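To start, the structure itself, in structure tokens.
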2 protein chains.
Amino acid sequence: MPLSPTTPDLTALDLFVSVVELGSVSKAAAAHQIAQPSASSRVRYLEKQLGISLLERSPSGSVPTAAGSLVAGWAEATIRSAHELNAGVDALKARRAGRLRVVASLTIAEYLLPSWLEKFLRNRPDDSIKLEVANSSVVLERLSAHDADLGFIESPVPTPNMGSKVIGVDRLIAVVSPVHPWTRRKSVAVEELSSTPLVVRERGSGTREALELELSRLGFEAPNSALELGSTSAVRSAVVSGTSPTVISERAVSADLAAGSLVEIAIDGLRVDRELRAVWPKTRPLPQLADELLKAAPAT
Amino acid sequence: MPLSPTTPDLTALDLFVSVVELGSVSKAAAAHQIAQPSASSRVRYLEKQLGISLLERSPSGSVPTAAGSLVAGWAEATIRSAHELNAGVDALKARRAGRLRVVASLTIAEYLLPSWLEKFLRNRPDDSIKLEVANSSVVLERLSAHDADLGFIESPVPTPNMGSKVIGVDRLIAVVSPVHPWTRRKSVAVEELSSTPLVVRERGSGTREALELELSRLGFEAPNSALELGSTSAVRSAVVSGTSPTVISERAVSADLAAGSLVEIAIDGLRVDRELRAVWPKTRPLPQLADELLKAAPAT
DNA sequence: ATAGGGCCATAGCCTAGTCCTATAGGTACA
DNA sequence: TGTACCTATAGGACTAGGCTATGGCCCTAT
């Protein structure tokens, strides 16, 4: 559903957060390189738009009201997310300039990389990263051909001439919308899952392959598809507003689980974990920037 | 630091996400109640602003480019956060209209409530919630006086005439900036923590009390304060850019931990957990809306 | 007491982004 | 060859938000 028409502007929220942090409208104006009256009117407009008084103004500065502190906290979360988006966009944009060329699989690029990039680029304004997104085999090709310095994939590394490091785990979990009958059950058996039509990604996608592989290892058939969609987020929203379950990366739906718009269903005896790995060609030493980026990516 | 001047507009991102979800600019325009040419030019402007081509346009609709899918995913996270902000603001704004009056302590109001509210209000546009923020004792007073229907607090409930339910746990953890020497240690002893100056909240804040209580239970003194600040997020940013550790709610810094701008330090033998509880007066039955809100708040 | 220097606010002007309607060109399918 | 989808351009109007200039408030130092 679209955002409410009274949604505040990101830059206004950012300015307001600065006011709260710095203690005065003037200082915030300076930090954002705008004139003080502009900042003043911007914040007033924000208050009018939200219908809430956010600041206690005084000749010695401005402090947030109780509501203002709360709004500032929420705004900070939104702004952080916007920063990550910016970092991701920067990496995508760096068509040729990139001093460090990273090639990552979709899950990692989408859910993990932005925050690493944001942190990484924050203190190194002169460096840039070129980000490319591809499936696992292409990632390995690019590395072999020295078209990329550092790769990220979701599967074990079959080639011996690649260095690698596990940087996290991607667990696939079964989820349904909160009105689904399974939400009233303690758990569901694997065979019941495998005989239930699911919302799935297209054949060949890493998520789907991993699930089907694990099911066949347990001796079950691949489930029928209730609906077949081309992206993780399409699957997500289909399940939120539909009646079929799906099996999906935990990271992709963590926000939905927290918000309650999706519910995790325990599947007895099924556990699909994929290791997330950084990989690089052993043939030459890891560039220093790559090494530093890896340090920004804690092994969760 | 301020957002980059080329940060896209929230409404533009929202529109773009709709285009990706619905498969055409026209449909997205309809969903956002604007004319098709407006949507078209808005998306073009977004592409120009980001410097990335986001859509493959065709006479039968528009599909995202590879970069476009990625951007759409990041944008979705940002928009979700904005929705939560809106939900929180709505609750704060409902000065009198609220059919359900909720009073919550700061940690819960800041980090947990927005997503519950967002989910809750989504399907109940006619209902509204009035949110008040107060410390634990005021929460209990309000409930006793029937000035509120449902409360959320971080401490055990001392009064017998209140019903309550644990809805989660707030763990306090020690964190430092990534350049702090402790990051090279396996763990730190409690006595070392208690003899190190910390960035702390003002005396009387729940977080600080909980830490000092636990330390004194273990026979240690309360740590000196390197810096004393009035809000959780002020503490957070002081630690990010400073040299002193702090002990803070895990939920308040989860984004920083993920991004690597803060690092958790294991403290041997110290564990400060606070139960997050919903409370309500037993004297009258829980209103139906309160019951439904509690269902939206899964016991994590 | 008075001057200076912090703060925030209002006034008036201008630019630029975004909305609208009207129109046109493409592909697909009956 | 309509009809029904798509997307794009043109031209005009609105307004949010930027600027400079100015004024009022309160504290502090002289």
Side-chain angles (χ1 to χ4, degrees), chain A residues 2-65 68 72 75 79 82 230, chain B residues 2-65 68 72 75 79 82 86:
Chain A
L3 281 168
S4 116
T6 63
T7 299
D9 207 45
L10 271 179
T11 57
L13 291 175
D14 193 28
L15 179 65
F16 171 61
V17 167
S18 293
V19 172
V20 173
E21 272 172 4
L22 301 174
S24 93
V25 175
S26 306
K27 289 208 188 87
H32 288 242
Q33 321 218 47
I34 61 176
Q36 169 268 321
S38 305
S40 174
S41 92
R42 204 93 160 74
V43 174
R44 290 206 102 78
Y45 182 74
L46 177 64
E47 289 180 299
K48 189 178 148 198
Q49 196 177 36
L50 298 182
I52 298 182
S53 165
L54 298 172
L55 288 178
E56 306 268 3
R57 280 155 255 242
S58 85
S60 61
S62 301
V63 296
T65 60
I79 288 161
Chain B
L3 280 169
S4 117
T6 65
T7 299
D9 207 47
L10 271 179
T11 57
L13 291 174
D14 193 29
L15 178 64
F16 170 61
V17 168
S18 293
V19 172
V20 173
E21 274 173 2
L22 301 173
S24 94
V25 175
S26 305
K27 290 210 187 84
H32 287 243
Q33 321 221 42
I34 60 176
Q36 170 268 322
S38 306
S40 175
S41 89
R42 203 101 160 70
V43 174
R44 290 206 103 78
Y45 182 75
L46 176 65
E47 288 181 300
K48 189 177 148 200
Q49 196 177 36
L50 298 182
I52 298 182
S53 164
L54 299 171
L55 289 178
E56 306 269 4
R57 280 154 254 242
S58 87
S60 58
S62 300
V63 296
T65 60
I79 289 161
N86 276 336

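Chain letters run A, B, ... following the sequence lines, proteins first, then strands; residues in each count from 1. Keep in mind the model is a prediction, meaning the values are calculated, not measured.
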Within a strict 4.5 Å, meaning less than it, do heavy atoms of the A/His32 and A/Ser18 side chains meet?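 Side chain of A/His32 against side chain of A/Ser18, heavy atoms only: contact under 4.5 Å found.
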Does some side-chain heavy atom of B/Pro8 sit less than 4.5 Å from a side-chain heavy atom of B/Leu50? yes
Distance check needed: [N] [atom2] versus [X] [atom1], whole Å only.
X	N	atom1	atom2	result
B/Arg44	C/dA16	CZ	P	21 Å
A/Leu10	D/dG17	CG	C1'	16 Å
A/Asp9	D/dG17	CG	C1'	10 Å
B/Leu15	D/dT7	CG	C1'	14 Å
B/Leu13	C/dT18	CG	P	12 Å

Could you write out each protein N or O paired with an N or O of nucleotides 18-23 of chain D at a distance under 3.5 Å?
unit_1, atom_1, unit_2, atom_2, d
D/dG18, OP1, A/Arg42, NE, 3.2
D/dG18, OP2, A/Arg42, NE, 3.4
D/dC19, OP1, A/Ala35, N, 3.4
D/dC19, OP2, A/Ala35, N, 2.9
D/dC19, OP2, A/Ser38, OG, 2.5

When you check the side-chain N and O atoms of B/Arg42 and B/Thr11, is any donor under 3.5 Å from an acceptor?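 B/Thr11 and B/Arg42 do have a side-chain donor-acceptor pair below 3.5 Å.
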Could you list by number each residue of residues 45-53 of chain B showing a heavy-atom separation from DNA chain C of less than 4.0 Å, or answer none if no residue does? B/Tyr45
Tell me, which of residues 54-62 of chain A have any heavy atom that sits under 4.0 Å from an atom in DNA chain C?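 Correct list: A/Arg57, A/Ser58, A/Pro59, A/Gly61, A/Ser62.
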In Å, rounded to the nearest 0.5 Å, how long is the span from [atom1] of [X] to [atom2] of [Y]?
X	Y	atom1	atom2	result
B/Leu55	B/Glu47	CG	CD	5.5 Å
A/Leu46	A/Leu15	CG	CG	8.5 Å
A/Gln36	A/Ser41	CD	OG	9.5 Å
A/Ile79	A/Asp14	CD1	CG	4.0 Å

Once salt bridge (Lys or Arg N to Asp or Glu O under 4.0 Å) is applied, what residue pairs with a partner in residues 23-36 of chain B remain, sequence neighbours excluded?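 Sorted result for residues 23-36 of chain B: empty, none.
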So, for B/Pro64 and B/Val20, which heavy atoms are closest and what is the spacing to 0.1 Å? CG-CG1, 3.8 Å
Base, sugar-phosphate alone, or nothing: which one does B/Ser24 contact when heavy atoms must sit under 4.0 Å apart? sugar-phosphate
Which residues pass the side-chain hydrogen bond (donor to acceptor under 3.5 Å, both in side chains) test with A/Ser38, not counting sequence neighbours? none
Sorted by chain and number, sequence neighbours left out, side-chain hydrogen bond (donor to acceptor under 3.5 Å, both in side chains) with B/Thr65 holds for none
